[in-house]
Participant: 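Please read through the structure below; I'll follow up with questions.
When reading the values below, keep in mind they use all heavy atoms of this one structure, side chains included, and skip hydrogens, waters and symmetry mates.
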Amino acid sequence: MADTIDHNIRVAQLVTGESIICNFTQVREEEKFVGYQVLYPLSLTLNPGEPDANGEETFSVTYRRWNPFTPYEDHRINPSSVISAMPPSEDILVNYVARLKQAGVDLSFLPNNGADILGETTQSATTEGPVAAGVS
């Protein structure tokens, strides 16, 4: 993973005990911080799995809409309701962005529309023949 983080996707721990993944930003009014914006939040739940070959615990993550009672995916939350907001691990980040893409979400809030996170390379058409080899 790169040393710099060029997106605002965070896993937020809330005082309710919930963990959510979302595009996490500050809301400012008249240059004053008033709250957080959570865009496209999904609730994260850890589920215990069967021990691996070495006897180590394994877990799977369940993703579900954080607030299924509204069609809106742009929420404002009180700063006092957030314990922490940290960048997700690489696999959680990729799963989250893939789920948003599958749902048809406009990923323009992410650099390169999320293609870098998903490992999608944007390549131009391949040229064959003398031009490709630099031969004239």
Side-chain angles (χ1 to χ4, degrees):
M1 188 166 173
D3 292 329
T4 59
I5 299 170
D6 60 355
H7 59 76
N8 290 323
I9 296 174
R10 299 293 183 267
V11 173
Q13 303 297 319
L14 306 179
V15 295
T16 59
E18 296 171 289
S19 297
I20 61 171
I21 186 168
C22 59
N23 193 58
F24 189 85
T25 55
Q26 291 186 0
V27 177
R28 296 180 109 38
E29 292 176 2
E30 299 174 13
E31 301 302 318
K32 184 180 177 195
F33 169 64
V34 296
Y36 292 114
Q37 174 192 40
V38 293
L39 185 62
Y40 308 115
L42 294 179
S43 178
L44 299 174
T45 308
L46 267 184
N47 305 299
E50 295 297 318
D52 67 12
N54 297 325
E56 297 290 323
E57 286 183 298
T58 63
F59 297 93
S60 64
V61 177
T62 300
Y63 301 79
R64 69 170 178 76
R65 286 188 62 215
W66 180 53
N67 188 346
F69 306 108
T70 178
Y72 299 101
E73 295 293 343
D74 185 349
H75 304 275
R76 303 292 189 272
I77 60 175
N78 188 313
S80 65
S81 64
V82 178
I83 296 172
S84 70
M86 298 296 294
S89 65
E90 188 71 23
D91 55 340
I92 298 291
L93 175 65
V94 170
N95 284 338
Y96 174 69
V97 173
R99 286 171 190 279
L100 293 182
K101 185 174 182 175
Q102 284 177 329
V105 170
D106 176 3
L107 298 177
S108 61
F109 65 92
L110 292 170
N112 200 17
N113 292 317
D116 298 336
I117 293 169
L118 294 174
E120 299 170 347
T121 55
T122 53
Q123 297 178 355
S124 58
T126 306
T127 305
E128 294 181 8
V131 176
V135 179
S136 55

Participant: Calculate, to the nearest 0.5 Å, the distance between atoms CD and CG belonging to E73 and L42 respectively.
Facilitator: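 Reported value, rounded in 0.5 Å steps: 7.5 Å.
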Participant: Would a hydrophobic clustering, with Ile, Leu, Val, Met, Phe, Trp and Tyr connected at side-chain separations under 4.5 Å, put V38 with V15?
Facilitator: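 The answer is no; the residues belong to distinct hydrophobic clusters.
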Participant: Look at the side-chain heavy atoms of Ile, Leu, Val, Met, Phe, Trp and Tyr, link any pair under 4.5 Å apart, and say whether W66 and Y36 land in one connected group.
Facilitator: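 In one cluster: yes.
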Participant: Could you measure the distance from the CG atom of D116 to the CG atom of L110? Nearest 0.5 Å is fine.
Facilitator: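 That separation rounds to 9.5 Å.
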Participant: Taking OH in Y72 as the centre, count heavy atoms belonging to other residues, nucleotides or ligands within less than 6.0 Å. Is the count above 12?
Facilitator: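 Counting other residues, nucleotides and ligands, OH of Y72 stays at 12 neighbours or fewer.
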Participant: NZ/K101 to OH/Y96 distance, rounded to the nearest 0.5 angstrom?
Facilitator: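 So the NZ of K101 and the OH of Y96 are separated by 15.0 Å.
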Participant: Can you give me the closest heavy-atom contact between I9 and P88, atom names plus distance?
Facilitator: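 Taking I9 first and P88 second, the nearest heavy atoms are O-CD, 3.3 Å.
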Participant: Is there a continuous path of hydrophobic side-chain contacts, each under 4.5 Å between heavy atoms, that joins L46 to L44?
Facilitator: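 Same cluster.
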Participant: Do you reckon V94 sits in the same ILVMFWY cluster as V105, going by side-chain contacts under 4.5 Å, direct or chained?
Facilitator: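 Yes, one cluster joins them.
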Participant: Just checking, is any N or O donor in the side chain of T62 or N47 under 3.5 Å from an acceptor N or O on the other one?
Facilitator: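 N47 and T62 do have a side-chain donor-acceptor pair below 3.5 Å.
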Participant: Is any side-chain heavy atom of Y63 closer than 4.5 Å to a side-chain heavy atom of I92?
Facilitator: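 In contact.
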Participant: Just wondering, do F109 and L100 contact through their side chains at under 4.5 Å, heavy atoms?
Facilitator: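 When only atoms from C-beta onward are counted, F109 and L100 do touch, with a gap below 4.5 Å.
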Participant: Tell me, do V61 and D91 make a side-chain contact under 4.5 Å, heavy atoms counted?
Facilitator: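 They are not in side-chain contact.
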Participant: Any link between V82 and V11 through a network of hydrophobic side chains (Ile, Leu, Val, Met, Phe, Trp, Tyr) touching at under 4.5 Å?
Facilitator: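 In one cluster: no.
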Participant: Are any side-chain N or O atoms of R65 and backbone N or O atoms of T70, one a donor and one an acceptor, separated by less than 3.5 Å?
Facilitator: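 Yes: the side chain of R65 pairs with the backbone of T70.
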Participant: Answer yes or no: is there a side-chain heavy-atom contact under 4.5 Å between R76 and N78?
Facilitator: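 Heavy-atom side-chain distance check fails, nothing below 4.5 Å.
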Participant: So, for P111 and H7, which heavy atoms are closest and what is the spacing to 0.1 Å?
Facilitator: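 Scanning both residues completely, I find the closest heavy atoms to be CD-CB, 4.2 Å.
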Participant: Between P87 and I5, which heavy-atom pair has the shortest distance, and what is it?
Facilitator: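 Nearest heavy atoms, P87 then I5: CG-CD1, 3.2 Å.
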Participant: Over all heavy atoms of both residues, which pair between E31 and R28 is shortest? Give the atoms and the distance, please.
Facilitator: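 Heavy atoms only, the tightest pair is O-NH2, 4.0 Å.
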Participant: Please check this pair: side chain of N67 against backbone of F69, looking for a donor-acceptor N/O pair closer than 3.5 Å.
Facilitator: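 Pair found, side chain donor or acceptor close to backbone of F69.
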Participant: Looking at E56, is its backbone amide N or carbonyl O close enough to the side chain of N54 to form a donor-acceptor pair, meaning the two atoms are under 3.5 Å apart?
Facilitator: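 Not at all, since once roles are kept as given, no pair shorter than 3.5 Å links the two residues.
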Participant: Kindly indicate whether the side chain of L39, heavy atoms from C-beta on, has any atom under 4.5 Å from the side chain of C22.
Facilitator: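 Not in contact.
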Participant: Could you measure the distance from the CD1 atom of I20 to the OG1 atom of T45? Nearest 0.5 Å is fine.
Facilitator: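 Answer for the CD1-OG1 pair, I20 versus T45, is 12.0 Å.
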Participant: How far does CG of D6 sit from CD1 of I117, to the nearest 0.5 angstrom?
Facilitator: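 Between D6 CG and I117 CD1, I get 7.0 Å after rounding to 0.5 Å.
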Participant: Return the CZ to CE distance between R10 and M86, rounded to the nearest 0.5 Å.
Facilitator: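 Between atom CZ of R10 and atom CE of M86 there are 8.5 Å.
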Participant: Do you know the tightest heavy-atom contact between I83 and L14?
Facilitator: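 Shortest heavy-atom separation between I83 and L14 comes out as CD1-O, 3.7 Å.
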Participant: Are Q37 and F24 packed together at the side-chain level, in the sense that at least one heavy-atom pair is separated by less than 4.5 angstrom?
Facilitator: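 Of all side-chain heavy-atom pairs linking F24 with Q37, none is under 4.5 Å.
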